[in-house]
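A, B, ... follow the sequence lines: proteins, then strands. Residue 1 opens every chain. This one's a predicted model, so the numbers in the text were calculated from it and none came from an experiment.
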Amino acid sequence: MIDFSRVQKELQDCDKDKDASGIRVCPKSDSLTRLTGTIPGPIGTPYEGGTFQIDITIPDGYPFEPPKMQFSTKVWHPNISSQSGAICLDVLKDQWSPALTLKTALVSIQALLSAPEPKDPQDAVVAEQYMKNYQVFVSTARYWTETFAKNSSLDEKVKRLVEMGFGDAQVRTALESSGGDENVALEKLCSG
Amino acid sequence: MDDYLSGEEDDYYYSSDQESLDGLDNEESNLQLVSSRINTAKVITKESLLAAQREDLRRVMELLSLKEHHARTLLIHYRWDVEKLFAVLVEKGRDSLFSGAGLTVLEHHRRRDSSSVSHSSMMSCDICIEEVPGYQMTRMDCGHCFCNNCWAGHFTVKINEGQSKSIRCMAHKCNAICDEDVVRTLVSKSQPDLAEKFDRFLIESYIEDNKMVKWCPSAPHCGNAIRVEDDELCEVECSCGFQFCFSCSYQAHSPCSCLMLELWRKKCHDESETVNWITVHTKACPKCYKPVEKNGGCNLVTCICGQSFCWLCGEATGKDHNWSSISGHSCGRYQEDKKKQMERAKRDLYRYMHYHNRYKAHMDSSKLEDKLRDTILEKVTISEKRQLQLKDFSWVTNGLHRLFRSRRVLSYSYPFAFYMFGDELFKDEMSSEEREIKQNLFEDQQQQLEANVEKLSKFLEEPFEQFDDDKVMQIRIQVINLSVAVDTLCKKMFECIENDLLGSLQLGIHNISPYRSKGIERASDFYTSRSSKEAVGEICQPSNCGTSGRNSEETSCSSRKRPRKDGSHRNSQTTLLDLNLPAAAMERK
């Protein structure tokens, strides 16, 4: 039932200008029903510099039914659940049109990051903070971006640890065994 | 249309029609005229549903020179309120009327041109992103063009989501409603059952979205809907026999207002009064916490668990006491308050019980009498076969009908009185003296009605099929006289309610369906009324189009005058003669 050829075309289309837009969509496995979307945090917002991953599920009725999208990266935002990553966005619900695509939906989500709608909140706690204490909101959102949305690459981690005086091969094994967690790897290196 | 009479007896509808005056002297013309009000409610069956909405469709189609499906789109958007649709047309103009409803109507030839140009060449569909030959593409009136497969997929999803009535174009932010013909054609190719569903949704919109039409609430559902003409505040009888209040869809309940009935049902349903009783009459034992009822004696109470406690304050005490005090315990201070509170709750409870018992008693009688109906009708059949001077037994059916009607009025008059003279709804509306006077007035009427209803019931239960001529004649006179009396009393009670009780209140929310001598209006079959008067003329009678009938909503009392419609329906009316005429008038004939 799913129109895979359209999903396939969308993926190709998205791939063409991924560098310009920063938006990527990749299949999670061989099947095209589960995808992962990636959007950069918009510049000039507390999300700047972060890279946000979004779980995408293609329903049977796609493109006549909207794709299901949910943040897998934790985000502090009034319209995104800080617990589940659920997104409150009209184009993913009743305003969906078959003429829209995965990419346009991701662009809409990116736009939502720059322009929250605290009056129609998904996460009441965040929305309240946004309305009553905007400065605190901004710093929390920035902190969450730093903590959850900025995964530095393996090479950067290796580089940092090597600079501390450990051997390159040693650092790589430690990182590998600690699942890429820089701090755990450092502990291992120190103790070992 | 303007032939009702203002004056002292302005609850009645007068007609200048000759036929209704013929053969009746002035005294009785009152009764006669009340009952001869034409009935305007129509039964819409599955079969006549399409025909029923055709009138509205045709009015819109003719005025705006539109096709049927466009007219339907407009009417669905305006909830089948033709007057409102026309008002928008006058105020805001055609374009705004159309765009508000998501309707785009292109000139026919232009549409042809645009679609024929690209007929054979390949075109790209923006939904499936495929190259498709032009003949497999469809352009909607809004101008957006996609391939037939994608359209069909879109329609399938929308119909299954229950959005048949407003399927929008696939283009982003395009508000245009898709042409129903296109939907039907494209869907029926692959899924004929879905196309059927789509059609049913569209057709049933006439019932679902229309405040002048309602499903008959009978259970199991008879499949019919009822349409009323100009007043939602009425009681109707569906052709399946179920009588209901058109505004709340509950069983006919006048003289109770819909709000009163709702409160009453809630009150009867939950056990608030029982709970009340327990709180008032019992106290929890301080040891085992079971409710303890005091069955007499002094304020030192001993629970079955053995614990003694003070009835006044509920605290555990010792066992010794004398006349004035319990050993080591004193709590006399709050006695006064508690007593008052208790008395009040008790009074409320008794008051409720008083009304509820009577309400229930008449409801039960009504159920019994309903069973009796067959027995009595059987007696009529037997009597008709006997060699009596009297051949006409319509007075029995007449009396029976009157009995059912007045029994129901009587039983609902109790919840009415409960709220009318209670504190819940109208506490601040009248002084207690005023209330007392009104209550007496009402109760006098209620009691008179009650006495006569019981008498009527008694006479109808007589085994008259075994009596000789003289005795049957006697019963007949009694039944006829009581029928008239009961009718008059019902009418008076409604007048009293409308004029003296509800009519004088500030709050206009309690409207009751008016009393009709001939009983609850029986909705006539949609087809019969049409066949009696063929086609188009009916659609645009000035009485339907011109009047703004809704402005009378602000009147608080339900005795509004309804202008008589012209007499075209009356022919079908005469067949119901038996029940329509008060017994006395029958006699005279």
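Partners of B:His154 according to the ring pair (Phe, Tyr, Trp, His ring centres under 6.0 Å) rule, which considers only residues two or more places apart in sequence or in another chain, do not exist here.
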Which side-chain N or O atoms in residues 35-55 of chain A pair as donor and acceptor under 3.5 Å with protein atoms at least two apart or in another chain?
{"unit_1": "A:Thr45", "atom_1": "OG1", "unit_2": "A:Pro42", "atom_2": "O", "d": "2.6"}
{"unit_1": "A:Thr45", "atom_1": "OG1", "unit_2": "A:Tyr47", "atom_2": "N", "d": "3.1"}
{"unit_1": "A:Tyr47", "atom_1": "OH", "unit_2": "A:Trp76", "atom_2": "O", "d": "2.5"}
{"unit_1": "A:Glu48", "atom_1": "OE1", "unit_2": "A:Gly44", "atom_2": "N", "d": "2.8"}
{"unit_1": "A:Asp55", "atom_1": "OD1", "unit_2": "A:Lys28", "atom_2": "NZ", "d": "2.7"}

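Using a cut-off of 4.0 Å between Lys/Arg side-chain N and Asp/Glu carboxylate O, B:Asp209 and B:Lys165 are scored as salt-bridged. For the pair B:Asp193 and B:Lys197, the salt-bridge criterion is not met [side-chain N within less than 4.0 Å of a carboxylate O]. Note on B:Arg54 versus B:Glu68: salt bridge recorded, some NZ/NE/NH1/NH2 to OD/OE distance being below 4.0 Å.
Along residues 86-107 of chain A, the residues that come nearer than 4.5 angstrom to chain B, judged on non-hydrogen atoms, are A:Val91, A:Gln95, A:Ser97, A:Pro98, A:Ala99, A:Leu100 in order of number.
For residues 72-86 of chain A, no pair satisfies salt bridge (charged side-chain N to carboxylate O under 4.0 Å, His left out), with sequence neighbours left out.
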